[in-house]
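Below: the structure, in structure tokens.
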There are 2 protein chains.
Amino acid sequence: MLERHHLEIIRAVDQQGTLTEAANLLCLTQSALSHSIKKLEQQLGVQLWQKRGRNLKLSESGLRILSLANRLLPQFEHAELEMQDIVAGQKGTLRIGMECSPCFQWLLKVVAPFLKQYPDVDVDIRKEFQFGGLGALLSYDIDLLITPDPLHKQGLDYIPVFDYEQVLVVSEQHRFADKNCISASELAEETLLTYPIEISRLDIFNEFITPAGACVKKHKTIENTEIMLQMVNANRGVAALPAWLVAEFQQQMPIKAVRLGKNGVHKCIYIGLRSAEQRPVYLEQLIHLAKTSGQ
Amino acid sequence: MLERHHLEIIRAVDQQGTLTEAANLLCLTQSALSHSIKKLEQQLGVQLWQKRGRNLKLSESGLRILSLANRLLPQFEHAELEMQDIVAGQKGTLRIGMECSPCFQWLLKVVAPFLKQYPDVDVDIRKEFQFGGLGALLSYDIDLLITPDPLHKQGLDYIPVFDYEQVLVVSEQHRFADKNCISASELAEETLLTYPIEISRLDIFNEFITPAGACVKKHKTIENTEIMLQMVNANRGVAALPAWLVAEFQQQMPIKAVRLGKNGVHKCIYIGLRSAEQRPVYLEQLIHLAKTSGQ
DNA sequence: TCTATTAATGAGTAAAATTCATCGAACAAT
DNA sequence: ATTGTTCGATGAATTTTACTCATTAATAGA
């Protein structure tokens, strides 16, 4: 029968390249691994790998098992850690997923007091997901998802925690600097700076440019918020960011916030969770901190 | 270390109720299971269950492991079956998820020729999912999802396969029977029959009633399509179904289809798949059959 | 061609899982 | 209460499995 330790071997060989090194990693002999997989191959009736020169190469079936290993092993490992946490009582690891680049700064403010309050709870923040944040939540890679678009799915809860307005940031020298608000069509002559994510996930397009049938002169992507604002400051483009974030940076550099449209673009950050699962106290506390962070 | 067989034990005990019966199921002795879990408990340092009277009751930690078991064991099992399929060549199991109740009839028409073409490929159709169809796809419980709302997520592909119009079905005696189309407000005096799923997933509400700010007199849910149409036929209510489905049943009973709104409600059925994964030939063939089913 | 490195193999050994026999607790029927 | 039955726990014996050691064969680089 396919066992956890078979998955460990396949993964280790994939990581280390050779059986011998994989054996070292697992604190076993090369022989042990060889025997183990040999037996599994006989039971399943498939070859999992072949000798390619002196090394091993995974077969089609082997790759399937490797993909299984990469999916299942982290879950085994996490379950074991969870058990340790239960033993230790008020301990744990909170795996937070982020689907909202600028929220990072906000999250730090929430996490800081949390870490003080629960010195034995570790926080792990992740941003890249194979199947998106929702997929990560559903496959138990994270316990909590910070996202601006709550895709309601069976078995998931979303808690609104933070309202904010999305505004256009411009340099003080910019022609919009003294405006109260701008219309979508006015962006036609502007260079827009955004995070490097799909356009369909950018609020400035979804809620402002696209509905108005408008467009921008140029669209450039920048990963880092600080650099993005430096670019704005240098009048090399405009960006759309949460108002509170702009307010913070205004102390450091002379930038201006301009409302998007007459009524502004209003958004909300949600915390997504798997429902019907008993949540540890500290998780509830983090949600509480997040909710009250705006006040 | 937490092993697959521990998960098997926890699951079996949960299913069977007693250790003894679980042991029978696993072709082991009661003693073996007892020893096994005892050892695991010592390693992890947690109690997984306690004696409650003569039976066992899972502890908090035990429940966590049970949830892990229910998630991981099906994946182990499926991987093993997949290996068998690879040995046998053009064999396999296609696990299809359905998120669209009336599409069942359509799917049968696609699956029938498929089963003839690939006599060694089994088809399994599932309808209930803990985390919705999307969750099932992401956690490898199904390989393919039939759905009318393609929730685009990283790592997933959706292929449109079938356009149709959603229409209102009424009895020939009904006051709408001779109308070309109806407006949402006209439903205020009607009893609406739908499948028993959340209102937010019912097209008739999403695309017709709710946007118009209208409502119905009464809303009743019925699981079975045939019974639903019998009710319509008996003039006990009206229902919203795909036009092609109504056309089929019109041969058996005197019912009428009425367009929803001036332009009608137009929908499309999609097939959702995990992308970036090598797909077997027969899967591609099923998609092809689905695409050409409309002609 | 020689050497270093790799995986495979067979035999022996150590370790682990399983059974067997037995016990005590819980429960139902008397 | 008393008894018989059913359930899980336990310790010792046994079987099964996993692992190591020593060796071989193959490959690649010097």
Side-chain angles (χ1 to χ4, degrees), chain A residues 1-63 65-66 69 73 76 80 83, chain B residues 1-63 65-66 69 72-73 76 80:
Chain A
M1 203 163 57
L2 186 55
E3 292 290 340
R4 172 174 180 181
H5 90 270
H6 295 123
L7 302 184
E8 304 266 12
I9 295 173
I10 296 275
R11 181 176 65 171
V13 169
D14 179 61
Q15 277 171 8
Q16 305 292 314
T18 75
L19 244 200
T20 318
E21 281 182 82
N24 279 334
L25 187 75
L26 299 174
C27 300
L28 288 169
T29 59
Q30 166 267 127
S31 176
L33 306 203
S34 186
H35 281 300
S36 236
I37 297 297
K38 181 90 190 276
K39 194 174 170 191
L40 179 65
E41 287 182 328
Q42 284 168 352
Q43 283 175 352
L44 296 180
V46 289
Q47 269 214 320
L48 295 181
W49 57 40
Q50 288 164 295
K51 273 191 94 158
R52 258 262 178 282
R54 312 201 258 206
N55 293 5
L56 297 173
K57 191 165 183 268
L58 284 175
S59 68
E60 175 64 24
S61 321
L63 286 170
I65 304 287
L66 176 62
L73 290 179
F76 273 107
E80 285 174 339
M83 294 298 112
Chain B
M1 201 163 58
L2 186 54
E3 292 290 341
R4 173 176 180 180
H5 90 269
H6 295 124
L7 301 184
E8 304 267 11
I9 295 174
I10 296 275
R11 182 175 65 170
V13 170
D14 179 61
Q15 278 171 8
Q16 304 292 315
T18 74
L19 242 201
T20 318
E21 281 182 82
N24 279 332
L25 187 75
L26 298 174
C27 299
L28 288 169
T29 60
Q30 168 267 128
S31 175
L33 306 202
S34 187
H35 282 299
S36 239
I37 297 296
K38 182 91 190 277
K39 194 174 170 192
L40 178 66
E41 286 182 328
Q42 284 169 351
Q43 284 175 351
L44 296 180
V46 289
Q47 269 214 320
L48 295 181
W49 57 40
Q50 288 164 294
K51 273 189 94 158
R52 258 260 179 282
R54 305 201 263 206
N55 294 6
L56 296 173
K57 192 166 182 268
L58 284 174
S59 68
E60 174 63 24
S61 322
L63 286 170
I65 304 287
L66 176 62
L72 302 199
L73 290 179
F76 273 107
E80 285 174 337

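Reminder, nothing fancy here: chain letters follow the sequence lines and each chain counts from 1.
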key: Protein-nucleotide distance (A:Asn55, atom CG; C:dA8, atom C1'), rounded to Å   = 14 Å

task = Indicate whether OP1 or OP2 belonging to C:dA21 is found under 4.0 Å from a side-chain N or O atom of B:Ser31.
result = no

Spacing of A:Leu28 atom CG relative to C:dA16 atom P, expressed in whole Å = 12 Å

message = For A:Glu3 and A:Arg52, find the nucleotide of DNA chain D closest to each by heavy atoms; which residue's nucleotide sits nearer the 5' end?
response = A:Glu3

message = Distance check needed: D:dT27 P versus A:Lys51 NZ, whole Å only.
response = 7 Å

query = Does A:Lys39 place a side-chain N or O at less than 4.0 Å from the phosphate oxygens OP1/OP2 of D:dA18?
reply = yes

Salt-bridge criterion met for B:Glu8 and B:Arg11 (N-O under 4.0 Å) = yes

Any donor-acceptor N/O pair under 3.5 Å between D:dC19 base and A:Ser36 side chain = no

note = Of all heavy-atom pairs linking B:Leu19 and B:Val13, the shortest is CD2-CG2, 3.8 Å

request  = Check whether any side-chain nitrogen or oxygen of A:Lys38 sits under 4.0 Å from OP1 or OP2 of C:dT9, and answer yes or no.
outcome  = yes

ask   = B:Ala32 side chain: which of C:dT18, D:dA9, C:dT9 is closest?
value = C:dT18

remark   = In whole angstroms, the gap separating C1' of C:dA16 from CE of B:Met1 amounts to 14 Å

key: Between P of C:dG10 and CD of A:Gln30, the distance in whole Å   = 14 Å

request  = Kindly point out which of D:dT20, D:dT27, C:dA8 is positioned nearest to the side chain of A:His35?
outcome  = D:dT20

request  = Just call it for A:Leu56: base, sugar-phosphate, or nothing, with non-hydrogen atoms closer than 4.0 Å on any strand.
outcome  = sugar-phosphate

task = Under 4.0 Å between any heavy atoms, over every strand shown, what does A:Leu33 touch: base, sugar-phosphate, or nothing? Just pick one.
result = nothing

Sugar-phosphate, base or nothing in reach of B:Thr29, heavy atoms under 4.0 Å = base

request  = Would you classify B:Thr18 as touching base, sugar-phosphate or nothing, given that sugar-phosphate means primed atoms plus P, OP1 and OP2, and contacts are heavy atoms under 4.0 Å?
outcome  = sugar-phosphate

inquiry  = When you measure only distances, ignoring hydrogens and angles, does the side chain of A:Arg54 come within 3.5 Å of the base of D:dT27 through a donor and an acceptor?
reply    = yes

query = Tell me, do A:Glu80 and B:Leu44 make a side-chain contact under 4.5 Å, heavy atoms counted?
reply = yes

